[in-house]
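Take a look at the structure below.
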Amino acid sequence: MLELAYLRADREDARARLSKRNIDADALLAKALELDEHRRSTQNALDSRLAELNELSRSIGELMKGGKKDEADAARARTTDLKARTQELKEELDAAEKALHDHLCTIPNAPHAQVPPGRTPEDNVTVMQEGAIPELPADAKPHWELGEEYDLLHMDLGVKVTGAGFPVYSGQGARLQRALIAFFLDQATAAGYREIIPPHLVNAASAFATGQLPDKEGQMYHATVDDLYLIPTAEVPITNLYRDEIVDRAKLPVRLVGYTPCFRREAGSYGAHVRGLNRVHQFDKVEIVRIEEPEKSYAALEEMVAHVKGLLRALELPYRQLLLCGGDMGFASAMTYDMEVYAAAQKRWLEVSSISNFETFQSNRLKLRMRGDDKKPRLAHTLNGSALALARIVAALLENNQTPEGIRIPKALQPYTGFDMIRKWTAA
RNA sequence: GGAGAGGUGGCAGAGCGGUCGAAUGCGGCGGUCUUGAAAACCGCUUUGCCCGCAAGGGCAACGGGGGUUCGAAUCCCUCCCUCUCCGCCA
């Protein structure tokens, strides 16, 4: 949620930035300011009535104490109309605040000045690309075939146990999964991130604060009996650790990392391009989260990108960095880089990380503030990024590293897997 | 799941119908003193919104919501949460 103070103080800047999302920024802003105007005038009226009422009550108290019962009764009689009026105004204010809040919830974050214009993924800017694209023989197999062949991955078993899009990993496939998680966590920890194991279900307040509600309601699994949501990313519980907090500036930046499974309904996504691990309902991800001073958040964003690049390099995967255009960015983000790896058998790029600066969009909902020298609390900036999302990394690793002898494991991962090659499994 | 107790400021902990945004202690910040530090002493120390250039002023908040009352942290209802005991259990 954008800050009202910002919209009021710098409407032109807000309009210019929001326009990159190809929305009618003018209309949205005009309505917001109009609703705000109404809210303020209502509150002014209410506050004056309440002040009168408070004054009357005080005087009644004194009159009672002084034994002047008649005068007290007279004053008491005068409160009746005032009370009725405050009641009306109170209801009006509640309605005005709700209308304003609801409207603000429909406005996406304002893209940063550097975000390129555009409507579709075609308009994203490739910032850089690195790593050789493997030349595979014509009979190279996509990861879902390799998964079955080497007994690593079974989509059909997931269907039996749960439903489509719930992968089952087995043998060296399961071990590879665990190795990647441990590797990513160790790398992040070495880079100064503090490890967190958060809950995998969150309440509605948490889902709202990071922007999943109400914007992406249908994306989350909802456990209705307890009104809890399965997390679509560790970002939700980890960022919410700091909800309603005022962090001392000396404690910034906050750097956190957490591994969790992620659950996404991905309703309506079917077809050949989502086969295998390309898009699933449950996947593992290591997420990094940062809380920063506003002045430092974009430097932090670049640091996070550099960290992720280091991981991809260590995994010897060809990758590219995309700066998302205004039309392709997430609702809550002010600037997003996507990292994609090349899956050589499918001959396509797969998104394995999305690294975003939310500026104050989340912290405004979170009420996550920092206290600087001026001792007046101000909203902090929040950022997060995948480092990394496993399912697609596994897909690329399997495809790119297939050889006639087996599937090669990158050197950096070998201490974690305990093997350097995935081979056909046979019962001993 | 059953029974009981309780939710107040950064923490501990008073208040139980009127000037209480809230005693007191601890912590924190500033100052006096000191060569320096400690101790002692003095002062300050929640947040949001509104009006105002500012100085300053107003409103709201004592787990959430609702009610009684001229007036509620204090009384009533309801929901949530925490703790203790019992049950169940990885």
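If you're wondering where the values come from, they're calculated on a predicted model, not measured in any experiment. Below, chain A is the first sequence line, B the second, and so on; all start at residue 1.
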Practice prompt. For B/C70 and B/C51, measure between their P atoms and round to the nearest Å.
Written response: 32 Å
Practice prompt. Kindly state each residue pair satisfying ring-ring contact (aromatic ring centres under 6.0 Å, His included) with at least one member in residues 25-77 of chain A, sequence neighbours excluded.
Written response: none
Worksheet item: What integer number of Å spans the C1' atoms of B/G15 and B/U78?
Response: 25 Å
Worksheet item: Counting heavy atoms not belonging to A/Lys309, are there more than 12 under 6.0 Å from its NZ?
Response: yes
Practice prompt. Classify the nucleic acid contact of A/Ser57 as base, sugar-phosphate or nothing, counting any heavy atom under 4.0 Å across all strands shown.
Written response: base
Distances under 3.5 Å between nitrogen or oxygen atoms of protein and nucleotides 7-12 of chain B:
none

Worksheet item: Using atom P of each nucleotide, how far apart are B/C42 and B/C26 to the nearest Å?
Response: 12 Å
Response to the item:
Using Watson-Crick geometry (N1-N3 plus N6-O4 or O6-N4) or G-U wobble (N1-O2, O6-N3), each under 3.5 Å, B/U74 is paired with none
Discussion item. Please determine whether the number of non-hydrogen atoms from other residues, nucleotides or ligands lying under 6.0 Å from atom CZ of A/Arg8 exceeds 12.
Written reply: yes
Discussion item. If we count only N and O atoms by modelled type, under 3.5 Å, do the side chains of A/Glu292 and A/His381 hold a donor and an acceptor together?
Written reply: no
Discussion item. Going by purine N1 to pyrimidine N3 plus the second Watson-Crick contact, or the G-U wobble pair, all under 3.5 Å, which nucleotide sits opposite B/U34?
Written reply: none
Fill in: A/Thr260: partners by side-chain hydrogen bond (donor to acceptor under 3.5 Å, both in side chains), with sequence neighbours left out
none
Worksheet item: If you measure from the P atom in B/G9 to the same atom in B/U46, how many Å do you get, rounded?
Response: 13 Å
Discussion item. Take a 6.0 Å sphere around CZ of A/Arg194 and say whether it holds more than 12 heavy atoms from other residues, nucleotides or ligands.
Written reply: no
Discussion item. Using a 4.0 Å heavy-atom cut-off to protein, can you give one letter per nucleotide of nucleotides 44-69 of chain B, 5' to 3': B if the base is in contact, S if only the sugar-phosphate is, - if neither?
Written reply: ---SSBSS------BSS---------
Worksheet, complete the sentence: Any strand, both distances under 3.5 Å, Watson-Crick or G-U wobble: B/C88 pairs with none
Fill in: Inter-nucleotide C1' distance (B/A72, B/A60), Å rounded
14 Å
Worksheet item: Relative to each other, are the rings of A/Phe331 and A/Phe361 parallel, tilted or perpendicular (30° and 60° limits)?
Response: perpendicular
Worksheet item: Using atom C1' of each nucleotide, how far apart are B/G10 and B/C62 to the nearest Å?
Response: 16 Å
Practice prompt. Provide the Watson-Crick or G-U wobble partner of B/G27, both distances under 3.5 Å; none if there is no partner.
Written response: B/U45
Worksheet entry | Whole-angstrom distance between B/A23 and B/U8, as gauged at atom C1' | 12 Å
Worksheet item: To the nearest angstrom, how far is A/Asp81 atom CG from B/C70 atom C1'?
Response: 13 Å
Worksheet entry | Rounded P spacing from B/C83 to B/G13 in Å | 15 Å
Response to the item:
A/Leu53 CG to B/G71 C1', in whole Å, measures 8 Å
Worksheet entry | Parallel, tilted or perpendicular: ring planes of A/Tyr229 versus A/His222, cut at 30 and 60 degrees | parallel
Worksheet item: Among all residues two or more places apart in sequence or in another chain, which pass the side-chain hydrogen bond (donor to acceptor under 3.5 Å, both in side chains) test with A/Asp81?
Response: none
Discussion item. Going by the rule side-chain hydrogen bond (donor to acceptor under 3.5 Å, both in side chains), which residues pair with A/Asp338 if we only count those two or more places apart in sequence or in a different chain?
Written reply: A/Ser354
Worksheet item: Mind checking who B/G4 pairs with, Watson-Crick or G-U wobble, both distances under 3.5 Å?
Response: B/C83
